[in-house]
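Report on the following structure.
What you are looking at is a predicted structure, and each value in this text was computed from that prediction instead of being measured. Residue numbering restarts at 1 for every chain, and letters A, B, ... go by the order of the sequence lines.
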2 protein chains.
Amino acid sequence: MQASKSTNLELLMLERAASQNTNQWVYQLLRTNLLCGKVQPGLPLTIRGVAEALGVSPMPVREAFHRLACEGAVEVKNNRRVIVPIMTAEKFSELCDLRILLETHAAQSALPYIRDPDIVSLELIDGKIDEAVQEGNVENMSLLNQDFHRTLYSANPFQIVVPLIESLWLQLGPFSRIAISKLEKIYIVDRHVEAIAALKQQNSFALRRAIEADIRDGIASINSVEGIHNYFEGVA
Amino acid sequence: MQASKSTNLELLMLERAASQNTNQWVYQLLRTNLLCGKVQPGLPLTIRGVAEALGVSPMPVREAFHRLACEGAVEVKNNRRVIVPIMTAEKFSELCDLRILLETHAAQSALPYIRDPDIVSLELIDGKIDEAVQEGNVENMSLLNQDFHRTLYSANPFQIVVPLIESLWLQLGPFSRIAISKLEKIYIVDRHVEAIAALKQQNSFALRRAIEADIRDGIASINSVEGIHNYFEGVA
DNA sequence: TCGAATTTAATGTGATCACAAACTTTCAAT
DNA sequence: ATTGAAAGTTTGTGATCACATTAAATTCGA
C-alpha cells in the first residue's frame, strides 16, 4: 500500500487471475500501466520499490523488468538503473512509420483468413469502444482499440508480426493515451467501420487504407495537442 | 562438461568478457547458439540442464530463457517446457516477408545518415566475410553477414527497428545456417557490393533492391537444399 | 502381456540471503 | 562556504532452498 522509498509511484492495480502465476501477474500489471501511460517517462524504477508496492518478492519484478526491457518498454541505463524511456521527436516519427508498415502488412496477410465469426468479434469490440467513448473511459478506449487491431491481425494463425507490433505499442505507450483522449471520437469508429467493410468485401487495398488512416488519425491528434512537445525529451 | 541428464545438448562455448555479468554471458551464449543453428528445433531445454552444462546457477538461465521466449527464439509450452520452436512452411514464408519489409525500410531510413566511416566499416566486414568464405567457416559467415546488416541499419541513430529485425533472425536461426552453408558464395559479396555502391551514390531505390535481393538469395538457396522439408514440422 | 494406478524423480517457481557496485549523506579541511 | 573523502545506505546480482506441479518409472491387476 505504501509507496516505495525513492519513488512514490502510483500503479493501476489489476486483479490477479487464478490461472496466472506471480511472474505473469507482475508482468501484465506493469505492461498495462506502461501501455496506458500511468507511469511517466523518465521515472526511475527500482526492483525493490515495485516489489514492495506490489507485495511480492523482488524476483518476479526482476524478470518483468528484463522482459519489458527487451521489448523496449523500459530502458536499462548503464548505471543499471531502469527508467521509462524518454520520447524524442525522431523516435516518435520512426515508431509511427513502423506501425503503418507493420500493421498494414499484418492486416493484409490476415485478410484471407477472415471468417464471419471474426467479423462478429470485431463488431462486438467496436460496440464496446462506442460504450467506452460514451462513458469517457480513456483506459478502456485505449485497451479496446488495441484489442480491435490485435484481433484483426491474429486471424492469421501463422502470424509472426503481432509481438513486434505490440512492442511498438509499448514504446508509444504514454502517447497513445494522449492520442485517444484528444481524438475526435467519431473518427475511431469510422475507420474501424471502414476496415470492417473492407474485410467483408475482401478488399485488400481498402483495408490497408483504413488501417493506415486509423493510425494517421492518432498521430494527427497527438500533433494537434497543445504543448505536446513538453512531453518530448523533457524530464518529468 | 558433462551433458545434462534428460538432453545431451552440445553448446558452442563463448569466452566470457570481463565486463559482462553472468546474466549477459548466458544470454549471449544461448542466443549465439540459436542464431547459428547449434541447437536443433524441437529439442527440449531445461533450466537445470543448461545451468549444469554452463556451470552456473539456474537463475541466469531462467532469465535468459524468458528473454529469448519474448523474442520468439524459444517457445514455452503450456506444460511449461521450453523448446526450440519447430519451423513450418507458413512461418518461414511470413518471416521472410517480414525480413524484406523491415530490412528494406531500415536500410532506406539509415541511408541519409551514412558517412564515409560507415562505408569503411561495411567494406571491412565484407572483407572479413570473404576471408570466412575462403576458410569455409560457416559460423563466421553467418555472424559476419548479420554484422553487415546490423552495421548498415544502425547508422540511423534513432533506429527502432533493429531489435525487431534481430528477433526475426533469431526465429530463422537454424535455417540461416543452412542458407549460408549452401549459398553460392559469390552472391553474398555481390549483393553487399551492390548495397555499398548504392550507399555511395545515395541511391535509395538501388539500396532497397540490393537488400531485398540479398535476402531473397538466402531464401532461394534454402529452398534449393535437397530434403529441406525434413527440417519443417518434423521432430528431430 | 498389456494397461492403468501409484510412486518416484525432475522441473519451474518464488522467496530469502550474502555480496559487490553505485549512490547518498556526512563531516572535516581548505 | 566549498570541496573532498569516507562512512553508510540503497540497489542489482546470483546462489540456495522449499514447495507445488508435472513427467517418468514402477508396480499391480486383468
Tell me the interatomic distance from [X], atom [atom1], to [N], atom [atom2], rounded to whole angstroms.
X: B:I83; N: D:dA23; atom1: CD1; atom2: C1'; answer: 16 Å
X: B:I47; N: D:dT21; atom1: CD1; atom2: C1'; answer: 14 Å
X: B:E63; N: C:dT13; atom1: CD; atom2: C1'; answer: 13 Å
X: A:E52; N: D:dT11; atom1: CD; atom2: C1'; answer: 13 Å
X: A:M59; N: D:dA18; atom1: CE; atom2: P; answer: 15 Å

* Asked: If you pin B:V82 and A:S57 to their nearest nucleotides in DNA chain C, which one's is more 5'?
  -> B:V82
* Side chain of A:P60 only, please: which of C:dG12, D:dG14, C:dG14 is the nearest? =>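 The answer is C:dG14.
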* **B:P163 backbone acceptor or donor facing B:S167 side chain under 3.5 Å** => no
* Asked: Between B:N33 (side chain) and B:L29 (backbone), is there a donor-acceptor pair under 3.5 Å?
  -> yes
* **Partners passing salt bridge (charged side-chain N to carboxylate O under 4.0 Å, His left out) against B:R150 (at least two apart in sequence or in another chain)** =>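 B:R150 satisfies salt bridge (charged side-chain N to carboxylate O under 4.0 Å, His left out) with B:D147, B:E166 only.
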* To do: Kindly write out the residues that satisfy salt bridge (charged side-chain N to carboxylate O under 4.0 Å, His left out) with A:E123, not counting sequence neighbours, or none if the list is empty.
  => A:K200
Who passes side-chain contact (heavy atoms from CB on, under 4.5 Å) against [X], sequence neighbours left out?
X: B:Q20; answer: B:R16, B:A17, B:Q24, B:W25, B:Q28
X: B:L124; answer: B:K128
X: B:N140; answer: B:A132, B:N137, B:L144
X: A:N23; answer: A:N21, A:P60, A:E63, B:H66

* Which parts of residues 64-73 of chain A get close to DNA chain D, meaning a heavy atom less than 4.0 angstrom away? -> A:H66
* Those residues of residues 16-34 of chain A lying under 4.0 Å from DNA chain D by at least one heavy atom -> none
* Residues in ring pair (Phe, Tyr, Trp, His ring centres under 6.0 Å) contact with A:F148, at least two apart in sequence or another chain -> A:H192
* **With B:E103 via side-chain hydrogen bond (donor to acceptor under 3.5 Å, both in side chains) - residues at least two apart** =>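 Once residues adjacent in sequence are excluded, the partners of B:E103 under the side-chain hydrogen bond (donor to acceptor under 3.5 Å, both in side chains) criterion are B:R99, B:H149, B:Y153, B:W169.
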* With sequence neighbours excluded, tell me which residues meet side-chain hydrogen bond (donor to acceptor under 3.5 Å, both in side chains) with A:Q108. => A:S204, A:R208
Quick test: give all pairs of protein nitrogen or oxygen and nucleotides 17-19 of chain C nitrogen or oxygen below 3.5 Å, distance rounded to 0.1 Å.
none

